[in-house]
Structure formats: C-alpha cells, structure tokens
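Encoded as structure tokens, the structure appears first; notes follow it.
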Amino acid sequence: MRVTTWNVNSAKQRVPRLLPWLDQRQPDVVCLQETKLTDAAFRELLGGPLEERGYEVAVHGEAQWNGVAILSRVGLGEVVAGIPDGPGFPHPEARAVSATCGGIRVHSVYVPNGRTPDSDHYHYKLAWLAALREQVAAGPKEAIVCGDVNIAPADADVFDPAAYVGHTHVTAPERDALAQLQALGLRDVIRDRWPDKRVFTYWDYRAGMFHQDLGMRIDLVLASAPVAGRVQAAWVDRLARKGTGPSDHAPVVVDLDEAPDGDIGPMVPPPSAPVKRGKTKLPQSPPGQ
DNA sequence: ATGTCACGTACCACGTGA
C-alpha cells in the first residue's frame with residue numbers, strides 16, 4: 001500500500017501536475033494540503049477525474065486558504081473533518097481531516113505557519129499541535145499522520161540553521177510540540193530511512209532556492225510502530241517539484257508491506273484498563289537513532 | 001533590498017499570506 005502526502009499550494013492551480021502524478025506514482029492513499037477550495041469546488045473540479053482513477057475522497061476545505069483532503073482507493077471510512085474542540089484563529093480553520101483507509105487511521109494535516117515567534121498565530125500553532133496530539137492519542141494505534149507540519153524537526157532539516165535563528169519552524173517550543181506528538185510512538189519514517197541524508201520537501205519559489213537545493217524538510221509522514229514496522233520504501237518525490245507550474249512542496253511517498261493479522265487496539269490504552277497482552281507495547285518515546 | 005506564486009478585489013495593480 002502506497003501512502004503519500006503533498007502540499008499542492010492550490011488544487012486548482014495544480015490540476016495539470018496532480019493528475020499526471022497520480023497516474024505516474026499510483027498512490028493508494030493521498031493526503032493533500034493547501035487545496036484552497038471549498039468542498040463543493042473541490043468535488044466539482046476533481047470529483048470526476050478522481051472517481052475515474054478509483055479514488056474515494058474526503059475533503060475539508062474553505063474558500064480561500066488552507067484546505068485538506070484524503071484520496072483513497074483502499075477504502076475510506078469514519079471521516080472526521082477538523083479537530084473536534086480544536087483551537088481556531090479565531091474560528092476553526094480547515095487544517096485536518098482523518099479517515100480509515102486500508103485499516104490505518106490516516107490524518108492529513110496542515111499545521112498553522114506561526115508567522116513570527118511573537119505572534120498570536122505562533123501560539124495558535126502550538127495549541128493546534130497539542131489538540132492534534134489529543135486527537136491522534138484518542139484514535140486507533142494503527143495510525144499515520146501525514147502533512148505539512150510547518151516545523152523542521154532538527155537543524156539537519158533546514159539548509160542553513162543560522163539563517164532561521166529567531167524564525168518560526170525551528171524554535172524549541174515548536175520542536176517540543178512536535179516531539180510530544182511523536183511521543184505517542186510515531187516514527188518519522190523519512191528520517192528513519194535516510195538518517196544522514198540532506199532531504200528537503202519544501203523550497204521557496206524565490207531566488208532559485210530549489211535549483212540550489214536550499215530547502216526545508218517540513219512535510220512529514222509520522223507512523224505508529226505497527227505501521228512504521230511495515231515501511232518498505234520512503235522517499236521525497238523531487239521530480240514533482242521540477243518543471244512547469246510546480247507546487248513549492250514535493251510529495252512524500254511511503255510504501256507499506258501487507259498488514260499482519262489482528263491485534264487492533266487503541267493508540268493509548270486507557271489507564272483503568274491496561275492492555276495486558278503486551279504483544280506490541282508502544283514505547284513511551286521513540287528509540288534513539 | 002525577498003530573483004515567486006496564489007489568493008481576492010478590482011480592473012491592466014495591489015495588499016496579504018506563505
């Protein structure tokens with residue numbers, strides 16, 4: 001099963017890149033971010049072409065900004081739009097959608113940018129991440145969080161750490177919030193696969209940043225242990241960032257092996273009723289590299 | 001000194017968000 005995530009920076013503008021990419025890469029699950037379309041406009045624009053290709057669609061969008069979606073051709077159930085009781089700015093925005101696809105709880109997320117570390121938007125970003133953590137924690141343990149997290153997990157994930165001092169995406173509170181999400185037992189599958197490689201997913205359109213490979217790794221696939229254990233391949237599709245009319249983000253592609261039988265349970269066992277089988281106990285924090 | 005793109009509104013340019 002091939003699971004992917006891509007911040008397309010306007011689904012409408014990206015149609016000429018998105019549809020050929022689906023045909024080329026044949027993903028089973030596609031998490032999209034920054035669709036920038038209402039649900040009605042998304043279905044009007046892409047409903048037909050996606051149905052032809054065998055995809056069911058879960059969308060959560062708005063007219064101008066944000067917007068997320070999940071496309072799946074391995075089933076799409078129990079769709080939840082947004083983060084129930086999550087924070088807004090000031091009103092809730094279309095930044096998350098989740099669904100069960102091929103037995104995995106899939107979350108497509110577009111984490112707030114944060115703008116500047118002294119802004120209200122930055123505090124909103126941190127609160128939003130905490131709410132996402134609670135939502136994932138309350139869900140099944142077969143889980144995968146995919147999307148634009150607008151955080152570079154480590155200094156190795158930015159082209160020049162010095163250039164980002166004092167900016168969002170690299171501050172300790174942001175990284176801590178991401179680490180707390182990962183502390184549910186979520187593995188960063190790209191970094192696991194490429195521990196020492198220079199690997200980015202986003203390059204600013206300006207100043208030939210892509211051509212010089214001056215980017216950031218802010219689009220992540222975070223997989224719970226049972227899913228991370230099935231990873232057969234994990235890579236960034238830089239080809240999709242090249243050529244005419246690309247998004248400023250590249251897709252992340254993850255291939256999973258077949259699921260083993262059984263052993264379905266909650267992400268975090270209730271304290272009053274601990275899971276005693278102990279067969280696939282989740283670590284309290286990700287093991288060190 | 002932002003070498004870009006996309007958004008809406010409003011017109012052939014600008015403010016905003018990223």
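Every chain is numbered from 1 and lettered A, B, ... according to where its sequence line falls, protein lines coming before strand lines.
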Figure out the [atom1]/[atom2] separation between [X] and [N], and round it to whole Å.
X	N	atom1	atom2	result
A:N66	B:dG17	CG	C1'	10 Å
A:N9	B:dA6	CG	P	6 Å
A:L37	B:dC7	CG	C1'	11 Å
A:K36	B:dT16	NZ	C1'	11 Å

5'-most contact on DNA chain B: A:H249 or A:K12, nearest heavy atom basis?
-> A:K12

Which residue lies toward the 5' end of DNA chain B, A:G114 or A:Q212, if each is placed at its nearest nucleotide?
-> A:Q212

Would you classify A:Y202 as touching base, sugar-phosphate or nothing, given that sugar-phosphate means primed atoms plus P, OP1 and OP2, and contacts are heavy atoms under 4.0 Å?
-> nothing

If we take the P atom in both B:dC5 and B:dA10, what is their distance in whole Å?
-> 25 Å

Are side-chain N/O atoms of A:R115 and A:T168 paired as donor and acceptor at under 3.5 Å?
-> no

Distance-only donor-acceptor check, side chains A:W21 and A:D237, under 3.5 Å | yes

Pairwise distance CG(A:L178) to CG(A:N150) - rounded to 0.5 angstrom | 11.0 Å

In plain terms, say whether A:R2 and A:D255 are close enough for a salt bridge, that is, a side-chain N and a carboxylate O under 4.0 Å apart.
-> yes

Just N and O in the side chain of [X]: are any of them under 4.0 Å from OP1 or OP2 of [N]?
X	N	value
A:S10	B:dC7	yes
A:Q64	B:dT9	no
A:R14	B:dA6	yes

